[in-house]
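Because the structure is a prediction, the values reported are computed rather than measured. All chains are named by letter (A, B, ...) in the order of the sequence lines, taking the proteins before the strands, and each is independently numbered beginning at 1.
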Amino acid sequence: MTPITKRYEVSGDDFTHAGEASGKVKTLLKQIGYHPDAIRRIAIAMYEGEINMVIHANGGFANVDIYPDRVEILLEDTGPGIEDVDKAMEEGYSTAPDEVRALGFGAGMGLPNIKKYTDDMRIESAVGVGTKVYMTIKGQ
Amino acid sequence: MEEFYHSVTLDEDKCKGCTNCIKRCPTQAIRVRDGKARIISERCIDCGECIRVCPHHAKRAIYDPLTKMDDYAYTIALPAPTLYGQFNNLSDIDYVLTGLLDMGFDSVFEVSKSAEIISDATRRLIRQGGLKMPVISTACPAMVRLIRVRFPDLCDNVLRLISPMQAAARQAKREAMARTGLKKEEIGVFFISPCPAKVTDVRSPIGMDESWVDGVLAISDIYPRLLEKMNKIVTPRPVAESGIIGVSWANSGGESSALIREQYLAADGVENVMAVLEQLEDARFGELDFIELNACPGGCVGGVLTVENPYVAKARIQKLRKYLPVSLNHIEQEDDMTELWWNCKLEYAGVMKLSDDLNEAMDMMAGIERIVKVLPDLDCGSCGAPSCRALAEDIVTQKARLNDCIFILREEASSAGIPVSFYGKEETGAKEET
Ligand SMILES: Nc1ncnc2c1ncn2[C@@H]1O[C@H](COP(=O)(O)OP(=O)(O)OP(=O)(O)O)[C@@H](O)[C@H]1O
Ligand code: SF4
Ligand SMILES: [Mg+2]
């Protein structure tokens, strides 16, 4: 079956819009009738990735493919890239600046949470080029 | 699925078919068809938002007339604490309660008494642990129904305790039966309500088989009569039996502060509540014990059946409670609590779902995506749907047609050779000639 494909621009300029794309995907999945637990995992994982693009990479794009049995998400940005992906994946590792820490971000839990809530995730990143975060979440 | 009873209806004669209500409905439950607003029953949560915004007063709340009191041998008034905030210079709640007695009720039972019991029960439950955190309050029936239709993942977080109104009705009636020897049917319990949502909760309750409330009167409806009686009182009778905790339930934050815990959030106004629930679904809050939700701005003081501005009412209630004891009603025995429990879980009603069949829903969603691309993305509401996307949904579910969009219609007309001016410009053209 051909997936339902959505592409959202995630703006890096206005922090207050962060989280909108994952919110829209959530609404679509409810309409399609995805299982609530899957919706929750998808929403959290995508939200974390979306926020990361805003905080660490000055925005990017979220590509979402919805299949009957799974959702595939690719978050791509042309930000600074991640030097040591394994380290970034560690719980508690964060380079978030102080101003966003004041809002409660920067616990270094985003990427570990994505890992936890997805069935598959992969990061491709090159310093100075950008970052791609692939994730797959099964439907049921 | 159970039937969706509603206490918000449309007055066809007054409806002009404008776009005010379709735009503001939090569950996108209203469409304008054939020039009149239509409420999609399974989506409506009776929040009263459309009543609030309709400039033509075409949305009406259903409640009982005062004459319903005549049907019973013995009547009990159940005032919501919001009622106390409706009067200027009120120094003592007993004036309101005595006024109700003078109106002809045989007795009064304050809902705030039961609110204190529910607060006590909630405190105990949270202390005991084992609940899915954060616990979401269920006192506002509109918010319970909102969660039921929109937030599947939060259905298990709701506090499964009956509302103060329901608890008060049962206790009041039982006490009256014992006192008078009358039968259950002979006693009429009348809730004096700030909103239509409570009417819905009486006619089709969630969490209990049957409500003990027999009639729901609107605060705005009884207000003039009550005020008249209150003005004649020389010495009020000492009937008030609740404290700060119970009375504060009228205001947003009242139920939460009664828990005497710090980690709570109180949201009021449907839009704010929706934003909070969205975030809650994404687990975006840290440690929180309790979430209080009220459909109305400011809490129940903002209900559509009240007479006073919510912020004025709030200030008055704050003043009134000043010299009250903290709480006068407590759970005497743990056993008493079992009766306060819901008899079921909150079942998600996926009314936003396009189809029960996932593959079919996927096809329909693909259809929506295709249609949305051809629509002008103006969300103007002229088609009768709240947004272009909503029209696309209506088209794939065969409730609307593509040329319900006036821009599409215009294109169709011009490509069919009908001049665009046919739709209005001709007249002005004619005028210019003369
Ligand atoms: N898209 C990205 N571009 C560049 N660096 C990134 C990107 N995403 C994550 N990182 C780096 O990986 C680190 C860890 O990310 P993670 O999401 O786990 O934590 P955080 O964003 O710092 O804090 P939290 O997610 O808990 O608010 C970040 O601090 C940042 O250095
Ligand atoms: S907030 Fe109070 S007045 Fe408003 S709908 Fe809910 S219960 Fe009724
Ligand atoms: Mg992060």
**Report entry** Region of A/Y34 that comes under 4.5 Å of a non-hydrogen atom in chain B
**Finding:** both
Query raised in the report: Looking at A/Y134, is A/R122 sitting on its ring face, NZ or CZ under 6.0 Å from the six-membered ring centre and within 45 degrees of the normal?
Result: yes
Query raised in the report: Checking B/D404 side chain against B/R401 main chain: does a donor-acceptor pair fall under 3.5 Å?
Result: yes
**Report entry** Segment of B/R389 engaging chain A (4.5 angstrom heavy-atom cut-off)
**Finding:** side chain
Requested in this report: Compute whether any side-chain donor of one residue and acceptor of the other, for B/S252 and B/D268, lie under 3.5 angstrom apart.
Outcome: yes
Report task. Check each atom of B/E360 against the heavy atoms of chain A and say whether the ones under 4.5 Å are side chain, backbone, both or neither. Result -> neither
Requested in this report: Tell me, please, whether A/F61 has A/R7 positioned over its six-membered ring: NZ or CZ under 6.0 Å from the ring centre and within 45 degrees of its axis?
Outcome: yes
Query - Distance (rounded to the nearest 0.5 Å) between A/E91 CD and A/L111 CG - result: 11.0 Å
Requested in this report: Heavy-atom distances under 4.5 Å only: say whether A/I42 touches chain B with side chain, backbone, both or neither.
Outcome: neither
Report task. Check whether B/E281 gets within reach of chain A through its side chain, its backbone, both or neither, counting any heavy atom under 4.5 Å. Result -> both
Query - Choice from A/T5, A/I32, A/I44, A/T2 maximising heavy atom contacts with chain B below 4.5 Å - result: A/I32
